[in-house]
Amino acid sequence: MKNKYRIMALMLLFVLVLGGCGTAQESKDNKEPKKESKKNATVAKDGENYSRSLIKVERKTGKMSITRPGQRGEIKSEKDGIWTIFVYLCGSDLESDNGAATLDLNEMLSATASKKVRFVVQTGGVKKWNNEVVKKDKLQRFLVQNGDIELVDEKKDASMAKPSTLAKFLKWGVKNYVSEKMGVILWNHGGGSVTGVCFDEKHKMKGLSLKDVDSAFLSVYSQMDTKFEFIGFDACLMGTLETANVAASYANYMFASEESEPGCGWDYKTIGSYLAGNPSASGADLGKVICDSFYASCKKIGDGDIPTLSVLDLSKLDNLLVGFNDFAKGMYESYGDDKKLATITRKVSKIENFGGNNKSEGYTNMVDLSGLADACGGDVNGADEIKRLVDETVVYKISGKNHKKAKGISVYYPICVQDSEELSKFSAVCVSPYYLSFVDRQDVGSCNAGKTDQYSEDYWWSDGESCGWIDSCASSDNASNASASQEIIEENKEDGEESIWCWLADYNYNSEEECYENSSTTNEHWAYADSYDDSENSTAITFAQEPGIDEDGIYGFVLDENGLQNTADVYSNIYGISDDGKLYFEYGQTYEVECDYKTGEVRDYFDGKWISLPDGQNLALYIVGTTEDDDIVYTSPITLNGKRTNLRLLQSDDDIKVIGAWDGLDEEGASARDIKKIKKGDKIVPIYYAYDAKNPDEPEEYEGDTYKVGKKFKISYDYIMPGNYMYSFCIQDVYNNTYNTEYAQIEVDKKGRTYVVEE
């Protein structure tokens, strides 16, 4: 029978935010630009000219043109039939805690012996190696070939998260081990488009940004006469459109995962053995083998439902970028139609996302690009073309049961923006001004941002009338960058284009480090993300019928036309009340809500059941996402054998499957790789965020009782523990702000019966 509730007026002060925070393309690959051509102007930095990556969008037409770097070709590739794979092995805690890097070195050693295959490895970035060969206080370079490992070079220690460290390794490697086919693997944690890859344990877990990766590759590529056959990321979350844009300048293929990678990583024994038997294999051939062997390894350890891995043909990438810019223009223009915008954002909230994106595990803000196009559907022109171009670019992929809808390329989307630094970093790697403007108006600070004159004189909205057009391609105040950008501005003025947008790989050359380096930048435009007050309800959510209890005892409300057009998602919040009434324990979120997006009517569908440990303790639950079968993935904060982590759960109707324990993202945005299996004897302690009734703005973590896992570990879905509870709706608007309704209170007795609590 449906539970009956009464609204508690005293709960008005208790407003918390839980789940939300809130066409002709010019490609010049492998061609030297004409020295007199203004269209491909070069800038002297190190005494010689180089051509850089440049993506331009013209203001009048909105069309995109792309120029890729040229090469001087001092280092000549050899027609020797040899495959050389450079592995940038940044061990970090993956090695010091679990010996993962040592295991992969052993896999390389175990591969079929061949003079046609060699791994050239640089080690570093870790406090302790789990072998007696590699030193922790040096950068060491090893040749792994024919079942042997040989130390061939050694340098003083330096951060593996510096672009110069990567550039020096690649320069040295290509000079000493040039071969017919060469690939590069960046091995470590990954965090997606904003936080990057290769987090160094000895240097505050700082990582390489995508701009750092780009500048490092530019430093070596300008000296080569051929592209790398592939650039691969044996790391989490790097299968992004923004990553591919960087890799497309320097390689034929990219191998990367949309989702977090389970701890086993790639199978280097199979990689080496395959190339030993097939030295003429292409990057696409090798990529398929890497995908299949990785998937097999994941299934072997019970993680077959989780992984994704894709092979991207980077010769197709520029077509996709041009198509994406056209598509993003339609997304940007959707702001003129509130109903269309609401439909888009509502659908986006249900698409595949990767790396957690919840309060307990952290936010990567990465979603599937084809899923984004699907969400836009008939509301934005070019959606079908984007899906076609993705399928054309992704020549092979694998995906586990939990990510069957993943199509191989993700893209940044502001599910929940953390601060201005995140937005500033994304602005440096975003590949379209229209999309950047769409992200900007997915405002975390005010549902009116981008629609007022607030930023009319700002750097970003300098002309006050159109999307992100800037008067300079420079992304910093650096004098040489400004000079380089001005050169491009002047060229455009001659063509009658006074304002353009561009993605410019315009770096300073550090002669001491022998590397191009990205300047540090600050952009005050994004400061609004730091001043967001999440204690206030969204003003965009309005009602035809205010939240309340109807004559049948059902809690609900009806949105008016404005509120409906501004609503992206609705879920419910559950809180347990302490015996003395002073603390509210956050039990989390549930989709047990009936929503009619035609009429605006919303009703609660909570049946009094909750996911609990075998000893009856209710778990705090946060929604991760849904699967292709509409099963719900939850995460729950716990300690496992004394260490803070999260329990991943899959709910299919009343059946609950334990996926394992995952640490989520660290403070630098690095994604954990290990998904720990729960085994007999493990000690689990549930964690809850608790709020003081008089001061709900500062939650504290509280621990439940210790549960020791027995022979069988069966999570139940049964009636919630006896006690007093609060229930409310959380309405997320199209700008990622939230509206939390007043709370209804119920009492649950020892037999699971529920009663109304009178005022």
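In this text the structure is predicted, and so the values were computed from the model without any measurement.
Under the ring-ring contact (aromatic ring centres under 6.0 Å, His included) criterion, F233 pairs with no residue at all, not counting sequence neighbours. Scanning for ring-ring contact (aromatic ring centres under 6.0 Å, His included) contacts around F354 gives H403, with sequence neighbours left out.
Side-chain contact annotation: D212 with S209, donor-acceptor N/O pair under 3.5 Å present. Donor-acceptor pairing under 3.5 Å is lacking for the side chains of N365 and Q418. Between the side chains of T240 and S193, at least one donor N or O sits under 3.5 Å from an acceptor N or O. For the residue pair D214 and Y250, a side-chain donor N or O sits within less than 3.5 Å of a side-chain acceptor on the partner. Between S179 and T84, the side chains place a donor N or O and an acceptor N or O closer than 3.5 Å (distance only, hydrogens not considered). Under the 3.5 Å distance criterion, with hydrogens and angles disregarded, no donor-acceptor pair is assigned to the side chains of E258 and S410.
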Between N353 and I351, does the side chain to side chain contact (heavy atoms under 4.5 Å, CB included) criterion hold? Intermediate values first, please. CA-CA 6 Å; N353 68 81; I351 68 176; 5.9 Å; no
Stepwise side chain to side chain contact (heavy atoms under 4.5 Å, CB included) check, L218 with Y509: CA-CA 11 Å; L218 180 61; Y509 188 78; over 6 Å; no
Please walk me through it: do E261 and D234 pass side chain to side chain contact (heavy atoms under 4.5 Å, CB included)? CA-CA 8 Å; E261 282 193 357; D234 191 356; 2.7 Å; yes
Can N510 and Y516 be said to form a side chain to side chain contact (heavy atoms under 4.5 Å, CB included), step by step? CA-CA 6 Å; N510 186 325; Y516 295 109; over 6 Å; no
Given K63 and D326, is the salt bridge (charged side-chain N to carboxylate O under 4.0 Å, His left out) satisfied, shown in steps? CA-CA 7 Å; K63 295 304 180 183; D326 294 341; 3.7 Å; yes
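Rounding to the nearest 0.5 Å gives a distance of 3.5 Å between CD1 of I415 and CG of N357. If you take CG on N252 and CG on L312, they are separated by 12.5 Å, rounding to the nearest 0.5 Å. Taking CD from E259 and SG from C236, the interatomic distance works out to 8.0 Å, rounded to the nearest 0.5 Å. Atom SG of C90 sits about 9.5 Å away from atom CZ of F199, to the nearest 0.5 Å. To the nearest 0.5 Å, atom NZ of residue K407 and atom CG of residue D368 are 8.0 Å apart. Note that NZ of K168 and CD of Q122 are 10.0 Å apart. Values are rounded to the nearest 0.5 Å.
N325 has its side chain within reach of Y434: a pair of non-hydrogen atoms, C-beta onward, lies under 4.5 Å apart. In this structure, F228 and F217 have side chains that are in contact, with non-hydrogen atoms separated by less than 4.5 Å. Looking only at side-chain heavy atoms (C-beta outward), V367 and E352 stay at 4.5 Å or farther from each other. With contacts defined as side-chain heavy-atom distances shorter than 4.5 Å, the pair M224/M182 qualifies. In this structure the side chain of S257 never reaches within 4.5 angstrom of the side chain of L237, judged on heavy atoms. V734 places none of its side-chain heavy atoms less than 4.5 Å from the side chain of I344. Taking the side chain as every heavy atom from C-beta outward, K397 and S399 approach each other to under 4.5 Å. A heavy-atom distance below 4.5 Å is not found between the side chains of L170 and Y221.
The two atoms that bring A373 and I386 nearest to each other are CB-CG2, 3.9 Å, heavy atoms only. When all heavy atoms of S215 and C515 are compared, the closest pair comes out as O-SG, 4.4 Å. In plain terms, the two heavy atoms of G192 and M238 that are nearest each other are N-SD, 3.5 Å. L186 approaches C198 most closely through the heavy-atom pair CB-SG, 4.1 Å. What you find for F327 and V380 is that their closest heavy atoms are O-CG1, 3.4 Å. Closest non-hydrogen pair, S164 versus E517, comes out as CB-OE2, 4.3 Å.
Of the possible polar contacts, one joining the S427 side chain to the S424 backbone as a donor-acceptor pair under 3.5 Å is found. For the pair Y396 (side chain) and D285 (backbone), a donor-acceptor distance under 3.5 Å is absent. The backbone N or O of V395 lies less than 3.5 Å from no partner atom in the side chain of K316, so there is not a single donor-acceptor pair. With D733 contributing its side chain and N737 its backbone, the two residues share a donor-acceptor pair below 3.5 Å. Side chain of D200 to main chain of S159: no donor-acceptor pair is present (N/O by atom type, distance under 3.5 Å, no hydrogens or angles). In this structure, H189 contributes its side chain and A670 its backbone to no donor-acceptor pair below 3.5 Å. Using a distance-only test at 3.5 Å, with no hydrogens or angles considered, a donor-acceptor pair links the side chain of Y435 to the main chain of Y412.
Salt-bridge annotation for R388 and E385: present, with a side-chain N of the basic residue lying under 4.0 Å from a carboxylate O of the acidic one.
The residue from V394, T393, I409 that alone fulfils the side chain to side chain contact (heavy atoms under 4.5 Å, CB included) condition with S310 is V394.
Ring centroid separation for the pair Y332 and F438 does not come in under the 6.0 Å cut-off.
Heavy-atom contacts from other residues, nucleotides or ligands closer than 6.0 Å to CG of D419 number more than 12. The local environment of NZ in K206 is sparse, with at most 12 non-hydrogen atoms from other residues, nucleotides or ligands closer than 6.0 Å.
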